Amino acid sequence: TTEPPVQQPKEVTRTIEYPLPETGGTVNLQVLMDGTPVHNKNWDTTQNNKATFNVTASGTHALAFYVDGTLIETISYDFS
């Protein structure tokens, strides 16, 4: 008998929204997924109260959110 082909997990693109601190200036938001950067951008907090960006993955992944180089929190997202 032949083995059925292994199903590759389907990749899903999710829009992530993350609240920005109210600093009245520019902050750097860096997001790591499994240690790999998926977002790194300076945001002007006088014009944006949240960062919005897309991440493509499959399965469940933890995203680590760093503001100006400091880890703020890690959130688990389901990409299925």
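Owing to the predicted nature of the structure, the values given are computational and were not obtained by experimental measurement. Basis for what follows: all heavy atoms, side chains included, without hydrogens, waters or symmetry-related copies.
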Which atom names give the shortest non-hydrogen contact between [X] and [Y], and what distance separates them?
X: G24; Y: T45; value: N-OG1, 3.1 Å
X: L29; Y: A51; value: CD2-CB, 3.4 Å
X: R14; Y: D78; value: NH1-O, 3.3 Å

**OP:** Please test L20 against V27 for side chain to side chain contact (heavy atoms under 4.5 Å, CB included), starting from the C-alpha separation and ending with a verdict.
**Re:** CA-CA 8 Å; L20 295 170; V27 297; 4.1 Å; yes

Subject >> Contacts of type ring pair (Phe, Tyr, Trp, His ring centres under 6.0 Å), residue F53, not counting sequence neighbours >> reply: H39

Subject >> Point-to-point distance, once rounded to the nearest 0.5 Å, from OG1 of T46 to CG of N48 >> reply: 8.0 Å

Original post:
How many angstroms lie between OG1 in T23 and CG in D68, if you round to the nearest 0.5 Å?
Top reply: 7.5 Å

Original post:
Are L71 and I16 linked, directly or through other ILVMFWY residues, by side chains that come within less than 4.5 angstrom of each other?
Top reply: no

Original post:
Do you reckon W43 sits in the same ILVMFWY cluster as V55, going by side-chain contacts under 4.5 Å, direct or chained?
Top reply: yes

Original post:
Got Q30 and P37 here, is their nearest side-chain heavy-atom distance under 4.5 Å?
Top reply: yes

**OP:** Report yes if some heavy atom in the side chain of P19 is under 4.5 Å from a heavy atom in the side chain of N49; otherwise report no.
**Re:** no

**OP:** Would you check if there is a donor-acceptor pair between the side chains of T26 and D44 at a distance under 3.5 Å?
**Re:** no

Original post:
Partners of E17 by side-chain contact (heavy atoms from CB on, under 4.5 Å), sequence neighbours excluded?
Top reply: K50, T52

Which donor-acceptor pairs under 3.5 Å do side chains of residues 56-66 form with protein atoms, sequence neighbours excluded?
{"residue": "T56", "atom": "OG1", "partner": "T13", "partner atom": "OG1", "Å": "2.6"}
{"residue": "H61", "atom": "ND1", "partner": "D34", "partner atom": "OD2", "Å": "2.7"}
{"residue": "H61", "atom": "NE2", "partner": "S58", "partner atom": "O", "Å": "2.7"}

Original post:
Any chance CD of E22 has more than 12 other-residue heavy atoms, nucleotides or ligands included, within less than 6.0 Å?
Top reply: no

